[in-house]
There are 2 protein chains.
Amino acid sequence: MKRKITLKDIARELEVSISTVSKALKNSEEIGRDTKEKVQAFAKLYNYRPNNIALSLKNKRTKNIGVVIPDIVHYFFTTVFRGIEKLANQKGYNVIVCVSDESFDKEVINTELLANGSIDGFVMSLSAGTQRKMDFHHLLEITEQGIPLVLFDRVDDQVSCDKVILNDREIAYQAVKKFLANGRKNIALVTTESYFNVSEKRAEGYEEALLEEQISVRPELRLTLPYRDVNDNEIRKFFSASKIDAVLCVNEIFAVQCMAVVQKMGRKIPDDIAFIGFTDGILSKYSNPTLTTVAQHGERMGEIAAEMLIERIEIDEEKPFRTVIVEGTIIERGSTVN
Amino acid sequence: MKRKITLKDIARELEVSISTVSKALKNSEEIGRDTKEKVQAFAKLYNYRPNNIALSLKNKRTKNIGVVIPDIVHYFFTTVFRGIEKLANQKGYNVIVCVSDESFDKEVINTELLANGSIDGFVMSLSAGTQRKMDFHHLLEITEQGIPLVLFDRVDDQVSCDKVILNDREIAYQAVKKFLANGRKNIALVTTESYFNVSEKRAEGYEEALLEEQISVRPELRLTLPYRDVNDNEIRKFFSASKIDAVLCVNEIFAVQCMAVVQKMGRKIPDDIAFIGFTDGILSKYSNPTLTTVAQHGERMGEIAAEMLIERIEIDEEKPFRTVIVEGTIIERGSTVN
DNA sequence: TATCAACACGAAACCGTTTGCGTAACACTT
DNA sequence: AAGTGTTACGCAAACGGTTTCGTGTTGATA
């Protein structure tokens with residue numbers, strides 16, 4: 001087992017000083033031709049690589065970025081992560097991931113741990129717990145320490161930092177408009193608990209589109225489902241209670257699950273009832289019928305977030321915080337048209 | 001903006017030496033009661049936390065583990081990752097993720113980068129490129145340097161290290177046995193290019209089950225699909241060419257896609273033709289019909305891998321390498337039974 | 001021959017911690 | 001008064017690098 005070789009080892013072996021070795025390897029003008037060649041040859045032979053940790057300590061830069069997300073087994077977050085990782089790698093950064101598991105406490109612990117020198121900046125999306133609690137002290141601490149932070153998707157106005165979000169309200173508005181243009185008037189909304197910022201934004205767009213057509217927003221057309229372990233019976237009851245000919249769902253799982261239920265109830269999609277979901281994931285493409293859905297362009301969001309972060313880290317202009325709005329795209333499939 | 005406070009800052013402020021501060025914070029017996037209290041109070045007030053990088057350098061332990069996987073927008077890998085992250089966190093480790101994107105070169109670059117001190121050990125699954133090239137020099141380098149390595153799922157015999165794999169051959173065998181017990185005899189296999197180790201293992205199990213019943217393995221019942229961008233026409237041609245009443249697919253996407261095609265061809269599932277896939281992901285649960293599939297227990301695999309790794313790191317017994325075999329579970333759903 | 005610049009290299013500080021060891025100050029013993 | 005033992009702290013090395021500055025040795029110049 002040959003341990004990693006260090007500058008000191010090379011210096012000892014070649015009977016020169018450590019600083020000479022260091023400079024020789026950087027091709028410094030200070031060092032003579034012969035010595036440089038000797039050192040470089042030796043280093044190559046023994047496959048010398050500088051120790052990242054030592055460099056980090058010296059430079060006060062780790063070349064790591066921390067990503068804290070609520071979940072990883074989740075299509076949207078993985079696509080964003082892919083974007084982050086891709087761009088970070090291009091710029092020579094590595095990515096440390098922590099999963100908050102939708103828990104406020106874990107989010108706090110993870111961020112504080114990483115903030116102690118492990119990373120140069122954060123990309124985060126808030127956990128459900130944090131959004132419910134509305135407690136952002138850990139994020140304020142981070143920014144106060146001068147650690148750059150970029151929030152994406154699940155953001156909050158109380159935290160001032162760079163942000164990347166979807167035009168949730170606008171694209172939900174467009175989706176409902178599409179239903180309306182199709183002659184559908186009894187449009188339901190299937191959503192999550194209201195402390196999810198994005199769900200609220202989507203609900204606003206939904207309502208705006210309705211009101212614009214003089215259609216009143218009826219509370220009985222709004223179904224609020226738990227984040228996990230959705231019960232089919234609840235869905236069935238909802239769809240039995242009212243006449244509904246179109247449904248906007250805030251994610252693809254809700255949409256696919258609702259489609260399955262109404263199909264079992266004998267309704268035809270899209271003739272009797274149409275669906276539009278959010279997240280253009282694997283489910284939307286392979287469901288039956290295929291699902292018309294809002295592509296959130298997660299990978300682009302990730303790239304943008306990483307780019308903004310690295311810019312802050314490396315340029316560190318004290319320029320004002322920006323919020324980049326990524327425009328969703330409605331992908332038309334079988335749940336709205338034949 | 002209040003920068004992170006260091007031992008030196010505390011020492012200067014309190015007019016004691018750095019070592020006194022360090023010892024006081026560790027409650028060392030060497031330090032007097034008064035001084036300890038003073039230092040501890042000050043540290044708490046200013047929220048002192050030791051710098052991770054400095055600790056890493058000193059201890060020669062980063063408390064980071066590196067995870068290199070082929071893809072992240074992929075159900076199985078994300079579940080494994082979740083298991084790794086969960087266990088690592090419990091043990092006080094952070095996780096640095098690199099995505100090889102199925103490329104040999106990226107895998108090499110990423111591992112070499114991380115191996116220069118950034119991590120204490122690796123958990124990896126081989127990229128397609130690496131399996132095709134059969135070049136493992138980067139892994140040998142890692143292990144030669146004494147960096148612990150655990151491979152999961154996509155492993156290779158040429159690399160000697162700890163491993164976690166599924167009983168692929170055995171569970172494929174069982175799946176086919178299930179078809180046979182059901183009276184089905186024309187059983188097809190839909191698989192990937194053969195350089196994927198796991199696909200080969202599954203094919204072996206498939207063949208073994210057939211041969212055991214005196215059924216010959218017919219090459220025209222084997223469909224090899226590309227890893228990405230599968231064309232429906234090819235699938236249609238395959239299913240038109242032969243009489244097929246059961247299909248074993250090496251992943252859930254192939255299965256769902258094939259199901260959609262044969263349904264369009266007018267075949268009834270599971271009456272005319274039954275399907276079993278691999279990976280109990282979101283698709284299997286929401287497809288139409290729902291898919292009978294092999295649960296790979298990715299999260300458990302991840303936990304086991306992380307546990308093995310951390311054991312090597314912390315205990316570092318030179319004990320022989322182990323291969324843990326996780327047993328898959330066939331989850332019965334609508335694609336095999338009504 | 002004294003001066004000086006250029007060259008090639010080494011010493012040392014620094015990044016933030018930990019820790020073995022040395023020691024000043026004091027009390028206590030004989 | 002000399003010796004001994006604690007106590008409570010500081011010094012310095014070490015982890016593996018980078019970088020500033022100092023310096024001995026040349027050879028050229030005046």
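Below, chain A is the first sequence line, B the second, and so on; all start at residue 1.
The shortest distance between the side-chain N/O atoms of Tyr48(A) and the OP1/OP2 oxygens of dG17(D) is below 4.0 Å. Note on Thr6(A): every side-chain N or O is 4.0 Å or more away from OP1 and OP2 of dG16(D).
For the pair Ile31(A) CD1 and dT19(D) P, the computed distance is 13 Å after rounding to whole Å. At whole-Å resolution of the value, CG in Asn59(A) and P in dG16(C) are 12 Å apart. Computed from coordinates, the Leu25(B) CG to dG16(C) P distance equals 16 Å when rounded to whole Å. Put simply, NZ on Lys36(B) is 10 Å from P on dC9(D), counting in whole angstrom units. As a whole-Å value, the separation of Arg12(B) CZ from dC14(C) C1' is 15 Å. For the pair Asn51(B) CG and dC14(C) P, the interatomic distance rounds to 17 Å; values are reported in whole Å. In this structure, Lys38(B) atom NZ and dC9(D) atom C1' are separated by 11 Å, rounded to whole Å. Going from atom NZ of Lys4(A) over to atom C1' of dC15(D) covers 16 Å, rounded to whole Å.
For Glu30(A), counting side-chain heavy atoms from C-beta on, the closest listed nucleotide (dC21(C), dG22(D), dG17(D)) is dG22(D). Here the side chain of Leu57(B) is nearest to one of dG16(C), dT18(C), dT18(D), namely dG16(C). Among the nucleotides dC15(C), dT19(C), dC15(D), the one closest to the side chain of Lys60(B) is dC15(D). Which of dG10(C), dG17(D), dG16(C) sits closest to the side chain of Ser17(A) comes down to dG10(C).
Residues Phe81(A) and Phe77(A) place their aromatic rings such that the two centres sit no closer than 6.0 Å.
Each of Lys8(A) and Val16(B) was matched to the nucleotide of DNA chain D holding its nearest heavy atom; the match closer to the 5' end belongs to Val16(B). Along DNA chain C, the nucleotide nearest to Ile18(A) and the one nearest to Pro50(B) differ in position, and the one closer to the 5' end is contacted by Ile18(A).
Residue side chain Lys58(B) does not reach the base of dT17(C) through any donor-acceptor N/O pair under 3.5 Å, judged by distance alone. For a distance-only test at 3.5 Å, the side chain of Ser19(B) qualifies as a donor-acceptor partner of the base of dC11(D). A donor N or O paired with an acceptor N or O is found under 3.5 Å between the base of dG10(C) and the side-chain atoms of Lys23(A).
Side chain of Asp156(B) to backbone of Gln158(B): a donor-acceptor contact under 3.5 angstrom is found. Looking only at distances, a side-chain donor or acceptor of Asn197(B) sits under 3.5 Å from a matching main-chain atom of Val155(B). Ser125(B) contributes a side-chain N or O that, together with a main-chain N or O of Phe152(B), makes up a donor-acceptor pair within less than 3.5 Å.
Here Glu102(A) does not pair with Arg132(A) in a salt bridge; the nearest charged N to carboxylate O distance is not below 4.0 Å.
Ile96(A) and Ile119(A) make their closest contact through CD1-CG2, 4.1 Å (heavy atoms, listed as atom of the first residue, atom of the second, distance).
Counting any heavy atom pair closer than 4.0 Å across all strands shown, Arg33(A) reaches no nucleic acid atom. Within 4.0 Å of Thr35(A), counting heavy atoms only, lie sugar-phosphate atoms of the nucleic acid but no base atom. Counting any heavy atom pair closer than 4.0 Å across all strands shown, Arg61(A) reaches no nucleic acid atom. Within the nucleic acid shown, Leu7(A) comes within 4.0 Å of at least one base atom, counting heavy atoms only.
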